[in-house]
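A quick write-up on the structure given underneath.
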Number of protein chains: 2
Amino acid sequence: MSSTCNPARPAGAGSTPPGRRMSAKTYHHGNLRVVLLATARDLLEEQGIAALGLRAITRRAGVSATAAIPHFGSLSGLLSVLAAAGFDELAEALAPVLAQGAAAAGLAYVRFALRNPGLFTLMFRSDAIDRAVPALAAASARTSAMLTRLLGTMPGPQGARTRAGMRAAQWGRVHGLAVLAIDGMLDALLAAEGEDLSLDALVADALR
Amino acid sequence: MSSTCNPARPAGAGSTPPGRRMSAKTYHHGNLRVVLLATARDLLEEQGIAALGLRAITRRAGVSATAAIPHFGSLSGLLSVLAAAGFDELAEALAPVLAQGAAAAGLAYVRFALRNPGLFTLMFRSDAIDRAVPALAAASARTSAMLTRLLGTMPGPQGARTRAGMRAAQWGRVHGLAVLAIDGMLDALLAAEGEDLSLDALVADALR
DNA sequence: GGTTTAAACTTAACAGTGTTAAGAATGATC
DNA sequence: GATCATTCTTAACACTGTTAAGTTTAAACC
C-alpha cells in the first residue's frame, strides 16, 4: 500500500491518501496514536473522566487492551498527552483575543472550559496526569507564559498592591469561574439569586 | 509478609486475645464508622486522592475489605460522607470571620483549603462523590447558604452590574485562588514574578 | 433468663482495571 | 533479499469495588 504513514513524526505535512482504511489491518495500522487520542477525547466528553480507562479507550478504538502502551507508556502518559493538547488549544483560543483586554480573554478562557469541560478538568487533575511528560510540560509552560502576559495587560481596579497579587486575583477569578461553572455551581447561584441570565452573560458580567 | 490481613483471628480459643487493639473485638467493634472516616482522612492527606480505595482504607483500619459496606454502601458513599464533613468544617472555619468582611472570609476559605488540600479537592470532585447522599447534600447546602450570605456582605468595587455577577466574581476569585494554590500554580506565579512573598501573603494581597 | 431477630463483620468469589512479558506480524534499513 | 526494530497481539499477574453467603454479636421480646 502506498498509503503507509511514517511511524510517528512525519517531517512534513502527513499527506492523507484517499481511501484511508482505518482498521483494515490488524498490525501497524499507521496512526493509532492519533486515533487513540481522539477516541479518548470523545470518551472523556461523552462519559466523563471516570470512564477514561486504558481498556475502555482501546476497546472503543477496536484494538487490543495494551495497544496504547508502545505509544504512551501508560494510562497517565496518554492522559498527559491529551492534557497537553488541551493546553495548546486553550492557548489557541486565547491568542486572538489577547489584544482585546483581560475581560475578553477571561471570557474566552471560561468559554473554552465550558466547551470542553472534561478536557479542562483533566488539565488540572494532577493525580491523573504526569507533569513530567515532556509534551505536557512544554504545552503547560507555553500556556502559562501566555496567561502571565495576558494578566499583565490588566488595568488594576483591584486592591492588590503587588504585581503578583494582582495577577493572582485575576487568574483566580477567571479560573474559579471556569471551575465553578463546570461544576454547576454558577447555575445554582443564578437559581438562588433568582436572576434571569444566561450562564455566559453571568460570566461576562462577573468579568467586567 | 505484609499481605496477611489480620494477625489476631479468634480461632476459637480464649475469647480475649492478649494484644488488645483499639476496640478489641473482631465483630461489632462499636465505632467502626467513625474510625473508617478518620482513617480515610489520614490516608487522603497523606497520600492523596488516588490512594483512597476501599481496600486501602479498611486495610489500614485493620478490618476486612468489605467492612465499610454496611456503613456506607460503597466507596463513593464513604467519600461523600467525608466530603460532607469537609463542608461542615469549612462552614465552621468561615463562621467566626463572617463579621469581618469578605476579604477576611475569603482568606479563611483559602486557608482552609491549604490546610486540608486533599479534603478540599475531594469536596469538589463530582465524579468521586455522590451529591445525592443526604449528609453531603445537607452539608453542602448549609455551606452554600453561608457563602451566599458572605458574598452578599461584599462592598462592590467590582465592575459587575448584576448581583449574581458580583457574587460570582467574588466566589470565583476565592475558589480559584484556593484551587490554584493547591495545585502549586501560585508558587509558580510567585517564582515567575520574582516576588518575595509567602503564599499566604500573596493570597491576602490578592483578596484586598 | 432464654429465644429470636437484626445488624455488623467475615471469607470467597466475580468482573473489572493497569501493567508486564513473551510472541507474531510488519515496515524500514542495510 | 535478510535483518532489525516497532507495533500490536494474547496471556497472565496483582490489584480494585462489589455481591453473596456465612458467622458472630448485640439488642429486643416473651
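Since the structure is predicted, the reported quantities are computational estimates derived from the model, not experimental observations.
Regarding A:Ile69, its CD1 atom lies at a distance of 12 Å from the P atom of C:dA21, rounded to whole Å. Regarding A:Leu54, its CG atom lies at a distance of 13 Å from the C1' atom of C:dT20, rounded to whole Å. C:dT17 atom C1' lies 15 Å from atom CG of A:Leu78, rounded to whole Å. When rounded to the nearest whole Å, the span between CG of A:Leu52 and P of C:dG16 equals 18 Å. C:dT19 atom P lies 15 Å from atom NE2 of A:His71, rounded to whole Å. The interatomic distance linking A:Leu75 (CG) with D:dC15 (P) rounds to 18 Å, in whole Å. Atom-to-atom, CD1 of B:Ile57 to C1' of D:dG17 comes out at 11 Å; the value is rounded to the nearest Å. When the P atom of C:dT17 is taken as reference, atom CZ of A:Arg60 falls 14 Å away, rounded to whole Å.
Across all strands shown, A:Ser74 has heavy atoms under 4.0 Å from sugar-phosphate atoms exclusively, and none from any base. No engagement by B:Arg33 is indicated, since no non-hydrogen atom pair under 4.0 Å with the nucleic acid exists.
Contact between A:Ala128 and A:Leu79 at its shortest, heavy atoms only, is O-CD1, 3.9 Å.
Between A:Arg41 and A:Glu89, at least one side-chain nitrogen of the basic residue sits less than 4.0 Å from a carboxylate oxygen of the acidic one, meeting the salt-bridge criterion.
Panel note: side chain A:Asp205, backbone A:Ala201; no donor-acceptor pair is recorded below 3.5 Å.
Taking A:Asp42 as the reference, A:Glu46, A:Arg60 meet the side chain to side chain contact (heavy atoms under 4.5 Å, CB included) condition, with sequence neighbours excluded.
Judged by distance alone with a 3.5 Å cut-off, a donor-acceptor contact links the side chain of A:Arg55 to the base of C:dG18.
When each of A:Ala65 and B:Thr66 is assigned the nucleotide of DNA chain C bearing its nearest heavy atom, the one mapping closer to the 5' terminus is B:Thr66.
Nearest to the side chain of A:Ser64, among D:dA20, C:dT20, D:dC8, sits D:dC8. You'll find that the side chain of A:Arg59 is closest to C:dT17, out of C:dT17, D:dT16, D:dA11.
Taking CZ of B:Phe112 as the reference point, atom CG of B:Leu119 lies at 5.0 Å (rounded to 0.5 Å).
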